[in-house]
Enquirer: 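Sending over a structure as structure tokens; questions will come in a sec.
First the proteins, then the strands, lettered A, B, ... as listed; each starts at 1. Note that the structure is predicted; figures quoted are calculated from it, not measured.
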Amino acid sequence: MLGQNEEGIKKRMEGRVLKNKIMAGLFFLATSVGLIFLVLLFYRVLTQGIGYLNWNYLTSGPAPYPEEAGIWVGMIGSIMLMAIVAIFSVIIGVASAIYLEEYASQNKFTEFIRVNISNLAGVPSIVFGLLGLTFFVYIFNFGYTLIAGGLTMALLILPVIVVASQEALRSVPIDLHQASLGMGATKWQTIARVILPAALPGILTGTIIALSRAIGETAPLIIVGAATAIYTLPDSLLAKYTAMPIQIYNWTARPQEEWQFVAGAGIIILLAVLLLMNSIAVLIRNKFQQRL
Amino acid sequence: MDKGLQSEGNKLNVQDLIERNKQKTTFGQRIEKVIPWFLLLCAIISVLTTVGILFTLLRESIGFFSNVSIIDFYTGTSWSPWSGEYGVAPLIGGTLLITLIATVVAVPLGLMSAIFLSEYANDKVRRVIKPILEVLAGIPTVVYGYFALTFVTPMFQSIIPDLGIFNALSGGFVVGIMIIPMVASLSEDAMNSVPNALREGAYGLGATKLEVVYKVVLPAALSGIVASIVLAISRAIGETMIVTIAAGATPNLTFDPTESIQTMTAFIVQAATGDTTFGSTIYYSLYAVGMTLFVFTLGMNLLAQYISRKFREEY
Amino acid sequence: MTKISEETQETRTGGLTSKPVVDRKDKQQKRESKNVMQVEDLNLWYGSNQALYEINMDVPEKRVTAIIGPSGCGKSTFIKTLNRMVEMVPIVKTSGSIKYRDQDIFNGNFKQEYLRTKVGMVFQSPNPFPKSVYDNVAYGPRVHGIKKKEVLDEIVEKSLKDAAIWDELKDRLDANAYGLSGGQQQRVCIARALAVEPDVILMDEPTSSLDPISTSKVEELVQELKKKYSIIIVTHNMQQAARISDKTAFFLNGELVEFAETDDLFQNPQDKRTEDYITGRFG
């Protein structure tokens, strides 16, 4: 009797262990699906685009024929756009973070700002486009210009920069506050000379990651009127402009297959820029991580 | 006073220097007073952004609803703005169809990935796979759109021969791939925060890993998991470029994933790139649709926050 | 405020028989020592929790005053009150007065920043800034508007010499202070505090995270420093208090139980609780 019972338990045990093994395999398989598609995506983009990626492509702008089209005007447009975005979003974002972490007292208003920022991060980017269209394009009357696009994108990534900067500031040990205040330094001296420099790597990393998100954003730029057929580089903040993702979208949307190769080449450049930015962010993080 | 400081034979007296500097640091004192106000001003810009979004959407939507009745807008079933038909249901339907497909793809794959990473993978494997998986979240959506149109659609066409070039299936599928890391990452965080003592209790009774996952980890991490799914859904609702490129521009109230549809976001892009004159009804319709989209995503985000706050596990 | 504190004081001392034995005035007069800080009727609350009760204490000039007591007795809170660092916690309230050279430090006209240049502080664990040794020591002077390179050079050299670490570090002034050993870091922090030539130096368990050799170096340094500075040192180590201090205060549950010449306090404690503590019966 007892022996049989033990036999039964053993058998059931084997079944349970087997089930565990099967499911473990399934879990791994599910994880690899994401990875496989990542590889497929890279492979597809590379094989489609590499043929069109040459010196001519890097140095020319939009053109009516696939063989003559290039990414140059879009790339410079994106870089100028990012410069505007960086200036506005970093100043406003870091200042907001300093206010929230160092100055704000714990009251309803501060809590309101915090909740507001986290909700803003969840607003679809295209809605920011509508905001920019109303305010920057029409009310401020900038029209479909570089500055309108830049300001729209700056607001879009502002929440990301605020949150990253807050985390960086929070990770500065309280010891350093005490040391500086204990020397008779004022609050602002403490922040400017000790806290900010110590938080800088974290802030930089967060900013670069936020910018790398912005540089690939397409939808809000379409709404605030980044043009597709711009043949010269923008020469002022109030100039019309185009950007890399806009060019890529435009080429992708064309029916002839050659244009998809042109788009693929553009994607290779875009992904390379992203890779570069993220590597810099990781480098900064690794270099300064051991310090604090 | 301060005789103790004049140390023997030392010509330098730091406190005297400090004292002398004190007289001329009124500038510094002024900075000290002005800075907090400047910082507050910057913090308020984010509030102004929210106010600006609400103002924009409301004002222009009201302009729209003075031309088109709000009842027709929400009950009509035909969306054809260029011939004056403004029933938003096909756009909402298109958005929901895409979201449904994306959820069906992302939730099982994302959850299983989270279980694998949190419970089965060792530290080394996790540290390699997790960042790679998160690369998926950093790829621009226009690139996904390109991938959906030029790779995923042909792939599905080899299985479903009469699938059109533009269809909800590949758009939704790729949106799903894009939000996998959101589900996986946030759910994994929730599972990781389940204390090991709970797991050890179950292991001590002879449970297998799978049983621990089902009976201990998943129930304990449930609110975090649900919140991650809700957030991912919100992201899918607001996704624009993938569906604009791959899912078509045919407002179409259907739940057949092989058909071409149009989402709310795709309509906004279409209208903004077309010859839409400022002040026309179509121009205003952008905002009425944008408003509807905003309400959807805001509702989802608030729901996610509510879930993770209300049901936060206290260990 | 005062009313509350009186009541609390009564309820506090009601159960315990002895009144605090504070400073035997005759002896102090014999030594003709001047006081640099005077604490009168100091009470302190964290929110609704009272942490310090009716503290009265005169801090003598150019001597080492040690503060001992079991952990949680308020000794650390007390020392941080002397340069108002305790107010970094926003819910702190105080009553009573603390005078630095006859000026009330809680007076609105008396600037915190000024107080802290006069009353410097060295913290429990070494907390150098993630900057070079030079920039660490020059921090205080720079914050107070001293910019001239020659002046700063002189201050840095002098402060490092006074902190007895110049010989070890004179060739590494540009090195990041984070790369130094714990003992070196703590002496750089002392040099940093010395750089503004304060009048009083507060030390909050400065050796608690150091190894024995570094500890003895810091102890020797304290003996040197008292020639120029008045020093108040919190320590959890009674032997250390006995070794390096001239006067010792014993805190228990937020009260100053006894304050006397170190030799007297250790050899002839007047209060039963002091005796119990120094003979190791509790704490």
Side-chain angles (χ1 to χ4, degrees), chain A residues 16-17 19-20 23-24 26-28 30-31 33-35 37-38 40-41 44-45 48 92 95-96 98-100 103 113 116-117 119-120 122-127 130-131 134-135 138 155 158-159 162 186-188 212 216-219 222-223 245 248-249 252-253 260 263 267 270-271 274 278, chain B residues 31-32 35-36 38-40 42-43 45-47 49-50 52-53 56-57 60 108-109 112-113 115-117 120 129 132-133 135-136 138-143 145-147 149-151 177 180-181 208-211 234 238 240-241 245 265 268-269 272-273 278 286-287 290 293-294 297-298 301:
Chain A
R16 287 164 57 203
V17 170
K19 210 166 145 198
N20 180 44
M23 286 309 284
L26 267 179
F27 291 144
F28 174 72
T31 311
V33 171
L35 304 181
F37 270 94
L38 187 67
L40 280 175
L41 187 147
R44 180 71 182 174
V45 166
Q48 295 270 77
I92 299 171
S96 306
I98 294 174
Y99 177 77
L100 290 173
Y103 283 94
I113 296 182
N116 174 68
I117 287 172
N119 275 321
L120 215 48
V123 173
S125 61
I126 195 163
V127 173
L130 292 175
L131 172 78
T134 305
F135 275 92
Y138 290 122
L155 290 183
L158 187 58
V162 175
T186 61
K187 188 160 195 166
W188 177 243
S212 79
E217 269 292 349
T218 320
I222 294 176
I223 309 298
I248 292 167
Y249 166 58
T252 306
Q260 292 183 358
I267 291 173
L270 181 62
L271 291 180
L274 284 180
N278 282 286
Chain B
I31 290 236
E32 205 69 33
I35 286 280
F38 169 74
L39 298 175
L40 175 63
C42 288
I45 285 181
S46 74
V47 177
T49 306
T50 308
I53 288 174
T56 305
L57 295 177
E60 313 289 44
L109 289 179
M112 287 164 93
S113 305
I115 293 171
F116 175 75
L117 288 175
Y120 285 88
I129 290 187
I132 297 180
L133 209 54
V135 170
L136 277 174
I139 289 177
T141 53
V142 68
V143 177
Y146 172 89
F147 181 64
L149 184 69
T150 68
F151 182 79
I177 299 285
I180 285 177
T208 63
K209 209 161 220 179
L210 185 67
E211 287 156 352
S234 161
T240 309
M241 293 319 294
I245 293 172
T265 51
I268 295 175
V269 169
T273 43
F278 176 71
L286 280 182
Y287 293 87
L293 173 70
F294 177 75
T297 54
L298 181 69
N301 291 340

Enquirer: Which bit of B/Leu40 is near chain A, if near means a heavy-atom gap under 4.5 Å: side chain, backbone, both or neither?
Expert: both
Enquirer: If you compare all heavy atoms of B/Ile115 against all heavy atoms of A/Phe27, which two are closest, and at what distance to 0.1 Å?
Expert: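 Scanning both residues completely, I find the closest heavy atoms to be CG2-CE1, 3.6 Å.
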Enquirer: Identify which of A/Val162, A/Val45, A/Ile248, A/Leu155 forms the greatest number of heavy-atom pairs closer than 4.5 Å to chain B.
Expert: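 Of A/Val162, A/Val45, A/Ile248, A/Leu155, A/Leu155 has the most heavy-atom pairs under 4.5 Å with chain B.
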Enquirer: Say you draw a straight line from CD of A/Glu217 to CE of B/Met241; how long is it, rounded to the nearest 0.5 Å?
Expert: 9.5 Å
Enquirer: Shorter than 4.5 Å, heavy atoms on both sides: which option in B/Thr240, B/Leu117, B/Ile180 has the most such pairs with chain A?
Expert: B/Thr240
Enquirer: Any idea which of B/Gly145, B/Ser113, B/Gly238 has the most non-hydrogen atom pairs under 4.5 angstrom with chain A?
Expert: B/Ser113
Enquirer: Looking at every heavy atom in both A/Leu270 and B/Pro140, which two are closest together, and how far apart are they?
Expert: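 Minimum heavy-atom separation between A/Leu270 and B/Pro140: CD2-CG, 3.8 Å.
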Enquirer: Side chain, backbone, both or neither: which part of A/Phe28 has a non-hydrogen atom closer than 4.5 Å to chain B?
Expert: both
Enquirer: Of all the heavy-atom pairs spanning B/Cys42 and A/Ser96, show the shortest one and how long it is.
Expert: O-OG, 3.2 Å
Enquirer: Look up atom CD1 in A/Ile92 and atom CG in B/Leu39, then write down how far apart they are to the nearest 0.5 Å.
Expert: 12.0 Å
Enquirer: Among A/Val123, A/Leu158, A/Ile98, A/Ile126, which residue has the highest count of heavy-atom pairs closer than 4.5 Å to chain B?
Expert: A/Ile126
Enquirer: According to the interplanar angle, ranging from 0 to 90°, do the rings of B/Phe147 and A/Phe37 count as parallel (below 30°), tilted (30 to 60°) or perpendicular (above 60°)?
Expert: perpendicular
Enquirer: Looking at every heavy atom in both A/Tyr103 and B/Pro36, which two are closest together, and how far apart are they?
Expert: CE2-CG, 3.6 Å
Enquirer: Taking side chain as everything from C-beta outward and backbone as N, CA, C, O, which of these in B/Thr297 sits under 4.5 Å from a heavy atom of chain A? Side chain, backbone, both or neither.
Expert: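 Only the side chain of B/Thr297 comes within 4.5 Å of chain A.
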Enquirer: Quick one: what part of B/Ile35 sits under 4.5 Å from any heavy atom of chain A, side chain, backbone, both or neither?
Expert: side chain
Enquirer: With only heavy atoms counted, which part of B/Ile177 is less than 4.5 Å from chain A, the side chain, the backbone, both or neither?
Expert: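 Just its side chain gets close to chain A.
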Enquirer: Give the member of A/Ile117, A/Asn278, A/Leu41 that has the highest number of heavy-atom pairs under 4.5 Å with chain B.
Expert: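 Top count of heavy-atom pairs under 4.5 Å with chain B: A/Leu41.
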Enquirer: Please round to the nearest 0.5 Å and tell me the distance separating atom CG of A/Leu130 and atom OG1 of B/Thr56.
Expert: 8.0 Å
Enquirer: So what's closer than 4.5 Å to chain A heavy atoms on B/Leu149: side chain, backbone, both or neither?
Expert: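 Only the side chain of B/Leu149 comes within 4.5 Å of chain A.
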Enquirer: I'd like to know which of A/Val33, A/Leu271, A/Thr186 tops the heavy-atom pair count under 4.5 Å against chain B.
Expert: A/Thr186
Enquirer: Which heavy atom in B/Ser46 sits nearest to a heavy atom in A/Ile113, and how many Å separate them?
Expert: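 So the two residues come closest at OG-CG2, 4.3 Å.
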Enquirer: Start with the C-alpha gap between A/Thr31 and B/Tyr120, add the side-chain angles, then the distance that decides, and say whether side chain to side chain contact (heavy atoms under 4.5 Å, CB included) holds.
Expert: CA-CA 11 Å; A/Thr31 311; B/Tyr120 285 88; over 6 Å; no
Enquirer: May I ask you to name which of A/Phe135, A/Tyr249, A/Tyr99 has the most heavy-atom pairs under 4.5 Å with chain B?
Expert: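 With the most close heavy-atom pairs to chain B, the winner is A/Tyr99.
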Enquirer: Within this structure, what is the CD1-CG distance for the pair B/Ile53 and A/Leu131, rounded to the nearest 0.5 Å?
Expert: 5.0 Å
Enquirer: For A/Thr134 and B/Tyr287, run side chain to side chain contact (heavy atoms under 4.5 Å, CB included): C-alpha distance rounded to whole Å, both residues' side-chain angles, the deciding distance at 0.1 Å, then the answer.
Expert: CA-CA 10 Å; A/Thr134 305; B/Tyr287 293 87; 2.8 Å; yes
Enquirer: Measuring heavy-atom distances to chain A, does B/Thr208 have an atom under 4.5 Å in its side chain, in its backbone, in both, or in neither?
Expert: both
Enquirer: With a 4.5 Å cut-off on heavy-atom pairs, point out which of A/Leu100, A/Leu35, A/Val127, A/Leu274 contacts chain B the most.
Expert: A/Leu35
Enquirer: Which heavy atom in A/Gly34 sits nearest to a heavy atom in B/Leu136, and how many Å separate them?
Expert: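 Answer, listing the atom of A/Gly34 first, then B/Leu136: O-CD1, 3.7 Å.
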Enquirer: Are A/Thr218 and B/Val269 close enough, and set up right, to give a side chain to side chain contact (heavy atoms under 4.5 Å, CB included), and what steps lead you there?
Expert: CA-CA 10 Å; A/Thr218 320; B/Val269 169; over 6 Å; no
Enquirer: Between B/Tyr146 and chain A, with a heavy-atom cut-off of 4.5 Å, which part of the residue counts as in contact: side chain, backbone, both or neither?
Expert: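 Backbone plus side chain of B/Tyr146, per the 4.5 Å heavy-atom cut-off to chain A.
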Enquirer: Taking every heavy-atom pair that is under 4.5 Å apart, which of B/Val47, B/Thr150, B/Leu57 has the most such pairs with chain A?
Expert: B/Thr150
Enquirer: Once you round to the nearest 0.5 Å, how far does CD of B/Glu211 lie from NZ of A/Lys19?
Expert: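 The CD atom of B/Glu211 sits 7.5 Å away from the NZ atom of A/Lys19.
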